[in-house]
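Have a look at the structure below before the remarks.
Just so you know, these numbers come straight off a predicted model, no measurement behind them.
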Amino acid sequence: MIKLVRGFKDILPADTGLWQYVEAIVRELLEDFGFSELRIPLLEQTELFARSIGGDTDIVEKEMYTFTDRGGASLTLRPEATASVVRAYIEHRLYAKDPVWKLYTIGPMFRRERPQKGRYRQFYQINAEVFGLNHPKSDAEVILVLMTFMDRLGLSDITLQINSLGCPVCRPHFKIAVQSFVASRSEQLCSDCLRRRDENPLRLFDCKVPACKEAMQDAPSILDDLCGACQAHFAEVKKYLEGFEIPYQINHGLVRGLDYYTRTTFEALAESLGTQNAVAGGGRYDGLVKALGGPDQPGVGFAIGVDRLMELLAGRSQDFDKTPHVYIAAMGERAQDIGFQWLQDLRFQKVRAEMDFENRSLKSQMRRADKLGAAYVLIVGDRELEEGTAVLRNMTTKEQDKVPLQDLVRFVVDRTNTSSVGSR
RNA sequence: GUGGGUGUAGCUCAGUCGGCAGAGCACCGGGUUGUGGCCCCGGCGGUCGAGGGUUCAAAUCCCUUCACUCACCCCA
């Protein structure tokens, strides 16, 4: 048997109702906030990601699905969406029409990581990006959208962590400060942290090894090292969040894994997810558009990990089961043929109907109707055909009506529309 | 890339010391001439993850490998 590729998964009918629901909620919310959908390809030139995400990140170094196509070009399945969105913003010169754009995109991303709970090699993200606005109101607004989305899904145990990574003016100074801080504690650090110290000292805050955590206890905070402009920006963001009554925690160790972030970064965490607890993350990336060859326009946005969202919403799938309103139990060749026609007529009248094409026993058909959760069973066989009637049975109340064949479809439509089942 | 756990029917899992491959659920049929859920009886259903080895004999012991899963790493 051919099996699905490692780290990939099928989303089965039992779950797709929930996925559709989540997507509908987020689309409506984003459109209300002035976002427009952008659909971007799954495949890009490898260089786009190397330049935007950062050549020395894990994603680019060892997680991308990269291959050479027949023309010799190096192509990569997108590991994230922001780079593509920025590319499209630049390529189609959207900034020339209006510098301010609010865009969202929904779809799969690909990273070749070891699969784990809440982590797949093809995973789904909802991305929202704002271009052309550098006011802290914009940061706060983006976070408001994210937290409102969580709220509308009924997810209350989400904590928001925020931080500021500074800008090209203040960050280099801070990196040096961190390096000199750990210089005297090298023997406490794990081998990974020793490597990070040289390559990307901000990562030292991320380590979960107890000894490293302890060593970093009194490390300098980037928030003390921000330049005046960044400090003011961060203060404003916090002020607006408080105005929205969005609770937040400041985590000066919150370091995003992608190089392009500046100033505000944030993460939405769900403790119940365990170790893979980041359900959404984002921040400001004021230098990215220019770095990719566009105008000097700021950006801010977030990505929601839909797979992890689904973990949080697990158990609600049955709310979206599609149960038929009417099950047609037809016995005998003639009844099967007539029932087959009714089946289609009912569907055209928006009544969900099912039947069994095999001429099975009534007991078997009743059992199946019950299993599918049908509200009504329409019973028809030789006896009914001779009488010119069929029996419509309510599966809950067990009440039965004899319905003349001529009026049958209309009768069934009326009956199912007036019942509570028809309007659910 | 590193480490732990698990692979037996569609699903959940038993399988003792190496001795005929099992149960429940689900599905199909019957008990009940044509009225669901409960009950009873019967039936269908297997490359015991795969390959090799030891043995008269392997689901069971040994080796290899693959997959799933959890954690590290990293990220959403």
Gap in Å between the two [atom1] atoms, one belonging to [N] and one to [M], rounded:
N      : M      : atom1 : value
G7(B)  : C44(B) : P     : 28 Å
C25(B) : C20(B) : C1'   : 26 Å
G10(B) : U16(B) : C1'   : 28 Å
C13(B) : C40(B) : P     : 24 Å
G51(B) : C56(B) : C1'   : 23 Å
C61(B) : C48(B) : C1'   : 16 Å
C11(B) : C27(B) : P     : 15 Å
G49(B) : A67(B) : P     : 16 Å

Once you round it to whole Å, what is the distance between [atom2] of [N] and [atom1] of [X]?
X         : N      : atom1 : atom2 : answer
Asn277(A) : C75(B) : CG    : P     : 13 Å
Leu12(A)  : G10(B) : CG    : C1'   : 13 Å
Glu386(A) : G34(B) : CD    : P     : 14 Å
Lys117(A) : C73(B) : NZ    : P     : 18 Å
Phe123(A) : C75(B) : CZ    : P     : 12 Å
Glu113(A) : C70(B) : CD    : P     : 14 Å
Phe110(A) : A76(B) : CZ    : P     : 17 Å
Gln116(A) : G1(B)  : CD    : C1'   : 14 Å

Please determine, for [N], whether a Watson-Crick or G-U wobble partner exists with both distances under 3.5 Å, and give it or none.
N      : result
U35(B) : none
C48(B) : none
C27(B) : G43(B)
U60(B) : none
C68(B) : G5(B)
G22(B) : C13(B)

Side chain of [X] only, heavy atoms from C-beta on: which candidate in [options] is closest?
X         : options                : value
Arg111(A) : C73(B), G36(B), C75(B) : C75(B)
Arg393(A) : C27(B), G36(B), C72(B) : G36(B)
Pro115(A) : A76(B), U35(B), U69(B) : U69(B)
Asp370(A) : G36(B), U35(B), A26(B) : G36(B)

What is the nucleic acid contact for [X], judged by heavy atoms within less than 4.0 Å: base, sugar-phosphate only, or nothing?
X         : answer
Gly381(A) : base
Gly282(A) : nothing
Glu80(A)  : nothing
Glu311(A) : nothing
Met395(A) : base

Residue met sooner reading RNA chain B from 5', once Gly7(A) and Gly281(A) are mapped to nucleotides: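 On the 5' side of the pair lies Gly7(A).
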Closest-nucleotide ordering on RNA chain B, the 5'-leading residue of Gly118(A) and Arg6(A):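 Nearer the 5' end of the strand: Arg6(A).
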When you measure from the side chain of [X] to the backbone of [Y], do you find a donor-acceptor pair of N or O atoms at a distance under 3.5 Å?
X         : Y         : value
Arg308(A) : Gly118(A) : yes
Arg78(A)  : Glu44(A)  : no
Thr46(A)  : Ser74(A)  : yes
Asn127(A) : Ala303(A) : no
Gln161(A) : Thr265(A) : no

Val279(A), Leu254(A), Asn163(A), Thr159(A) screened by side chain to side chain contact (heavy atoms under 4.5 Å, CB included) with Glu267(A), the one that passes: Leu254(A)
Considering all heavy atoms, the nearest Ala390(A)-Leu378(A) contact: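 Heavy-atom minimum between the residues: CB-CD1, 4.2 Å.
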Ring geometry between Phe131(A) and Tyr89(A) (parallel below 30°, tilted from 30 to 60°, perpendicular above 60°):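 Rings of Tyr89(A) and Phe131(A): parallel, under 30°.
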Check: G1(B) base within 3.5 Å donor-acceptor of Arg114(A) side chain: no
For RNA chain B, the residues among residues 360-369 of chain A that have a non-hydrogen atom under 4.0 Å from it: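 Heavy-atom contacts with RNA chain B come from Arg360(A), Ser361(A), Leu362(A), Lys363(A), Ser364(A), Met366(A), Arg367(A).
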NZ/NE/NH1/NH2 to OD/OE distance under 4.0 Å, Arg347(A) and Glu354(A): yes
Carboxylate-amine/guanidinium contact Arg415(A) Glu399(A), below 4.0 Å: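 Not counted as a salt bridge, because no side-chain N and carboxylate O are separated by less than 4.0 Å.
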